[in-house]
Q: 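Handing you a structure now.
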Amino acid sequence: MQAHDTALMDVDAALQVLLQAARPLDRAESVATLQALGRVLAAEVRSPVDVPPAANTQMDGYAVRSADVISPGTRLHVGQRIAAGHVGQPLQPGEAARIFTGAFMPDGADAVVMQEQCVADGDVVTLQHAPKPGEWVRPRGCDVQAGSVVLERGHRLRPQDLGQAASVGVATLEVVPRPRVALLSTGDELIMPGEPLPPGAIYNSNRFLLSGLLQGLGCAVTDLGQVPDRLDATQDALRLAAAEHDLILTSGGVSVGGEDHVKPAVQALGQLALWQIAMKPGKPLAFGAVRRPSGGSAHFIGLPGNPVSSFVTFLVFVRPFLLALQGAKLLAHRGLSLPSASNWPRADKRREFLRARLDANGQVELYPNQNSAVLTSTVWGDGLVDNPAGMTFKAGDPVRFIPFAELLV
C-alpha cells in the first residue's frame with residue numbers, strides 16, 4: 001500500500017494500520033520471575049499448588065474447636081504453641097492452641113479467637129467470645145486453587161504479577177523477547193548535551209526522550225546516533241538498522257522540506273503505508289517497512305522532529321505498536337471525563353492532544369503554551385486532553401483527559 005501525500009489520515013484509522021501490521025514476535029524466552037518486570041507473557045501461568053497450601057489463621061490468638069466454646073467465659077487448657085512456619089499437633093477435645101498470624105491450623109481446630117478476646121493464666125485461657133466455625137481462618141486454596149490460571153498469555157507483567165507468580169512457586173516465566181529497536185536522529189542542527197552550542201544549533205532532546213520511552217516499554221534499544229542531512233547517509237543508516245532490528249524509529253526528516261530525506265530514503269529501500277496524520281501535534285508521521293539485505297523487512301516509524309510532536313505521536317502510535325509486537329493485550333485508553341479549568345476557543349480541523357494537568361479541585365488545566373516545540377508542557381503536565389477536531393470548550397465544560405499514568409506504562 002502506498003502513502004497518500006495530500007490526504008490526512010484519521011488518527012484511529014492510522015492506528016489500525018499500524019496494529020494490523022504488528023505481527024507478534026514468534027520468538028520466546030525463559031526469564032527468572034524476579035527479572036520479568038514489564039515483559040509480556042508468551043504462555044499462561046497455571047498454579048501447581050493451592051494458596052494457601054493449608055488452612056491458616058488471620059490473627060494472633062487461640063485455635064479451638066468451636067464446639068468446645070459454647071459461651072463466653074469458657075476456660076480451656078493450652079496444649080501447644082504454633083508459630084508461622086511450624087506445624088502443630090492435632091488439637092485434642094477441650095484444648096486450645098496458642099497460634100500466631102499465618103500459622104497453619106492444627107488438625108481438629110476450626111476457629112480462632114483473637115488474643116484481644118482472651119485472658120491467659122499460665123496454661124489456661126479464658127475465651128471471652130464464642131466463635132463460629134471458620135472465624136479468622138483462611139481456608140486452603142481460598143486465594144488460588146491448584147491448576148487454575150493465575151496469569152494470562154499476553155499479560156504485561158507488573159510488580160503484583162511477579163508477586164502472584166512467586167506466590168504459586170513459579171521461578172521462571174516464558175515471555176516474548178524484547179523488541180529490537182534501532183533509534184536514529186536526523187538534523188544537522190542537533191548537538192549532544194555537554195558539547196558547545198554553536199549558532200543555529202539546538203540540543204538533541206528527542207534522542208533522550210525516545211530512548212527513555214523505549215526502555216520503559218522493555219525494548220532492546222540500539223542508539224545509532226545522528227544521521228547527517230543527506231539522502232545517501234540516511235539510506236546507509238536505514239540499511240544498517242534494518243539488518244538486525246524489528247523496528248526502526250526515527251525523529252525528524254519526515255516532512256516535505258528540502259533537507260527532509262527520511263521519506264524518500266524509506267521509499268527507495270522499502271515502502272510507506274501511511275504518511276501525515278490528522279492530529280495536532282504530530283501531523284508528519286510515517287509508517288512503513290525497510291527491506292533487509294538478507295530478506296524480509298524491518299518495520300519503520302518516522303516521528304516528527306518537534307519534541308512535543310515526537311512525544312505525543314510515540315504515546316498514541318508507537319507504544320501500542322510495540323505492545324502489539326509483543327503480543328500484549330491492548331486496552332483502549334481509559335480517558336476520564338472531567339471539567340475543564342481552562343478555555344480553548346480556537347478550534348482546529350485536526351484532532352488535538354493538549355498538554356494538561358489536574359488542579360487541586362480535580363479540574364483539567366491546560367498548559368498556556370501548546371506549541372509543539374515547548375517540551376516544558378510535557379514536564380509540567382500529567383496527561384493529555386483528547387480534543388476532537390473542530391471542538392472548542394470553555395471552563396466548566398467536560399473534556400476527555402488521559403493521564404500519563406495510562407500512557408507511560
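All of these numbers come straight from a predicted model, not from anything done at the bench.
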Q: Please step through side-chain contact (heavy atoms from CB on, under 4.5 Å) for the pair L197 and Y203, ending with a clear verdict.
A: CA-CA 8 Å; L197 193 65; Y203 288 121; 3.8 Å; yes
Q: Can any side-chain N or O of R65 pair as donor or acceptor with the backbone N or O of L91 at less than 3.5 Å?
A: yes
Q: Determine, step by step, whether I301 and L18 satisfy the side-chain contact (heavy atoms from CB on, under 4.5 Å) criterion, reporting the C-alpha distance in whole Å, the side-chain angles of both residues, the deciding distance to 0.1 Å, and the verdict.
A: CA-CA 9 Å; I301 300 178; L18 268 73; 3.9 Å; yes
Q: For a side-chain contact (heavy atoms from CB on, under 4.5 Å) check, start with the C-alpha distance between T392 and R346, then their side-chain angles and the critical distance, and finish with the verdict.
A: CA-CA 6 Å; T392 63; R346 305 180 299 275; over 6 Å; no
Q: May I ask you to check whether over 12 heavy atoms, not counting those of N361, lie within 6.0 Å of atom CG?
A: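 Enclosed: over 12 neighbouring heavy atoms sit under 6.0 Å from CG of N361.
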Q: Do the non-hydrogen side-chain atoms of L322 and L325 ever get within less than 4.5 Å of each other?
A: yes
Q: Is there a donor in the side chain of H261 and an acceptor in the side chain of D229, or the other way round, less than 3.5 Å apart?
A: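 Side-chain D/A pair, H261 to D229: absent.
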Q: Taking D143 for the side chain and P52 for the main chain, is one N or O donor matched with an acceptor at less than 3.5 Å?
A: no
Q: Distance check, rounded to the nearest 0.5 Å: L184 atom CG versus I248 atom CD1?
A: 7.0 Å
Q: What closest approach, in Å, do A97 and I82 show between heavy atoms, and which atom pair accounts for it?
A: CB-CD1, 4.1 Å
Q: Which pair of heavy atoms, one from S340 and one from F393, lies closest together, and at what distance?
A: OG-CE1, 3.4 Å
Q: Drop me the distance from L210's CG to C219's SG, to the nearest 0.5 angstrom.
A: 11.5 Å
Q: Test salt bridge (Lys or Arg N to Asp or Glu O under 4.0 Å) on R75 and D68; report intermediate values, then the result.
A: CA-CA 10 Å; R75 290 165 55 86; D68 288 341; over 6 Å; no
Q: Exactly one of L407, T378, I402 should register a side-chain contact (heavy atoms from CB on, under 4.5 Å) with L315. Which one does?
A: L407
Q: Report yes if the side chains of E152 and L41 come closer than 4.5 Å at any heavy-atom pair, otherwise no.
A: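 Counting from C-beta outward, E152 and L41 never come under 4.5 Å.
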Q: Closer than 3.5 angstrom, by distance alone: can the side chain of S297 be matched with the main-chain N or O of R292 as a donor-acceptor pair?
A: no
Q: Take D161 and V45 through the side-chain contact (heavy atoms from CB on, under 4.5 Å) test and state the conclusion after the steps.
A: CA-CA 11 Å; D161 303 316; V45 177; over 6 Å; no
Q: Inspect the contact between R334 and E406 and indicate whether a charged nitrogen and a carboxylate oxygen are less than 4.0 angstrom apart.
A: yes
Q: Is the shortest side-chain heavy-atom distance between P339 and D397 below 4.5 Å?
A: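 No, side chains not in contact.
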Q: So which heavy atom on K349 is nearest to which on A389, and how close?
A: O-CB, 3.3 Å
Q: Backbone N or O of M391 within a donor-acceptor pair of the N387 side chain at under 3.5 Å?
A: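 Yes: the side chain of N387 pairs with the backbone of M391.
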Q: side-chain hydrogen bond (donor to acceptor under 3.5 Å, both in side chains) for H245 and T222? Distances and angles first, verdict last.
A: CA-CA 9 Å; H245 295 90; T222 304; 2.9 Å; yes
Q: If we only count heavy atoms from C-beta on, is the L157 to L151 side-chain gap below 4.5 Å?
A: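 Yes. Closest side-chain heavy atoms under 4.5 Å.
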Q: Counting heavy atoms not belonging to L408, are there more than 12 under 6.0 Å from its CG?
A: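 Correct, the count exceeds 12.
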Q: Look at R351 together with D12 and state whether they make a salt bridge at an N to O cut-off of under 4.0 Å.
A: yes
Q: Mind checking whether H299 and F321 have ring centres under 6.0 Å apart?
A: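 Yes, the ring centres sit under 6.0 Å apart.
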Q: Taking C-beta and beyond as the side chain, do Q115 and M59 meet within less than 4.5 Å on heavy atoms?
A: no
Q: Using side-chain heavy atoms (C-beta onward) and a distance below 4.5 Å, is V112 in contact with Y62?
A: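 Contact flag for V112/Y62 side chains = no.
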Q: Are any of the side-chain nitrogens in E29 or R39 under 4.0 Å away from the carboxylate oxygens of its partner?
A: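 Salt bridge between E29 and R39, a charged N being under 4.0 Å from a carboxylate O: yes.
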Q: Please determine if R207 and D223 form a salt bridge, counting it only when a charged side-chain N lies under 4.0 Å from a carboxylate O.
A: yes
Q: Between H77 and Q92, is a side-chain hydrogen bond (donor to acceptor under 3.5 Å, both in side chains) present by the stated rule, with each step listed?
A: CA-CA 10 Å; H77 172 72; Q92 302 302 315; over 6 Å; no
Q: Could you give the distance from CD (E95) to CG (D123), rounded to the nearest 0.5 Å?
A: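 The distance works out to 10.0 Å.
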Q: Would D60 and T101 count as having a side-chain donor-acceptor pair, cut-off 3.5 Å?
A: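 Looking only at side-chain atoms, T101 and D60 do form a donor-acceptor pair, the distance falling under 3.5 Å.
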Q: Could you grab the distance from atom CZ of R27 to atom CD of Q326, nearest 0.5 Å is fine?
A: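 Those atoms lie 10.5 Å apart.
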Q: Are D382 and R357 close enough for a salt bridge, meaning some N to O gap below 4.0 Å?
A: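 Salt bridge between D382 and R357, a charged N being under 4.0 Å from a carboxylate O: no.
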Q: Look at the side chain of T313 and the backbone N and O of S309, then say whether any donor-acceptor pair between them is shorter than 3.5 Å.
A: yes
Q: Within 45 degrees of the ring normal and closer than 6.0 Å to the centroid, is that where the cationic atom of R319 sits relative to F314?
A: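 Not satisfied by the 6.0 Å and 45° rule.
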Q: Would you confirm whether Q370, through its side chain, and Y367, through its main-chain N or O, come within 3.5 Å as a donor-acceptor pair?
A: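 Between the backbone of Y367 and the side chain of Q370 there is a qualifying donor-acceptor contact (under 3.5 Å).
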Q: Short question: side chain of N204, backbone of L190 - any donor-acceptor pair under 3.5 Å?
A: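 No, N204 side chain to L190 backbone: no donor-acceptor pair under 3.5 Å.
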Q: Measuring from L269:CG to R291:CZ, what's the distance to the nearest 0.5 Å?
A: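 Spacing of CG (L269) from CZ (R291) equals 6.5 Å.
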Q: Looking at I191 and A201, what are the two nearest heavy atoms and their distance?
A: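 It is CG1-CB, 3.5 Å.
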Q: Compare every heavy atom of Q145 with every heavy atom of G141, then report the nearest pair and how far apart it is.
A: O-CG, 3.6 Å
Q: Is there a donor-acceptor pair under 3.5 Å between the side chain of N306 and the backbone N or O of S372?
A: no
Q: Can a donor-acceptor pair be found, under 3.5 Å and without considering hydrogens, that links the side chain of S310 to the backbone of P307?
A: no
Q: If you measure from CG on N371 to CG on L375, what distance do you get to the nearest 0.5 Å?
A: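 Output value for this atom pair is 11.5 Å.
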Q: Between the main-chain N or O of F100 and the side-chain N or O of T57, is there a donor-acceptor pair closer than 3.5 Å?
A: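 Side chain of T57 to backbone of F100: no pair is present.
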Q: If you define the side chain from C-beta out and look only at heavy atoms, does anything of P403 sit under 4.5 Å from L336?
A: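 A side-chain contact under 4.5 Å exists here.
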Q: Can you tell me if CZ on R23 sees more than 12 non-hydrogen neighbours from other groups inside 6.0 Å?
A: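 Not buried by this count: 12 neighbours or fewer within 6.0 Å.
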Q: Taking C-beta and beyond as the side chain, do L247 and F300 meet within less than 4.5 Å on heavy atoms?
A: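 When only atoms from C-beta onward are counted, F300 and L247 do not touch, as no gap falls below 4.5 Å.
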Q: H129 and V69: which non-hydrogen atoms are nearest, and at how many Å?
A: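 Nearest heavy atoms, H129 then V69: O-CG1, 3.6 Å.
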Q: Is it true that the NZ or CZ of K394 lies under 6.0 Å from the centre of W344's six-membered ring and within 45 degrees of the ring axis?
A: no
Q: Looking at Q89, I'd like to know if its CD atom is crowded, meaning that more than 12 non-hydrogen atoms belonging to other residues, nucleotides or ligands lie closer than 6.0 Å.
A: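 No - once you tally the heavy atoms of other residues, nucleotides and ligands closer than 6.0 Å, there are 12 at most.
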Q: Set out, in order, the CA-CA distance, both residues' side-chain angles and the distance that settles side-chain hydrogen bond (donor to acceptor under 3.5 Å, both in side chains) for R98 and Q80, then state yes or no.
A: CA-CA 6 Å; R98 182 72 166 109; Q80 57 182 311; over 6 Å; no
Q: Are F311 and F404 close enough that their ring centres sit under 6.0 Å apart?
A: yes
Q: Would you indicate whether R400, at its atom CZ, is surrounded by more than 12 heavy atoms from other residues, nucleotides or ligands within a distance under 6.0 Å?
A: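 For R400, atom CZ is crowded (more than 12 foreign heavy atoms under 6.0 Å).
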Q: Return yes when atom CD of E44 has more than 12 non-hydrogen atoms of other residues, nucleotides or ligands closer than 6.0 Å, and no otherwise.
A: yes
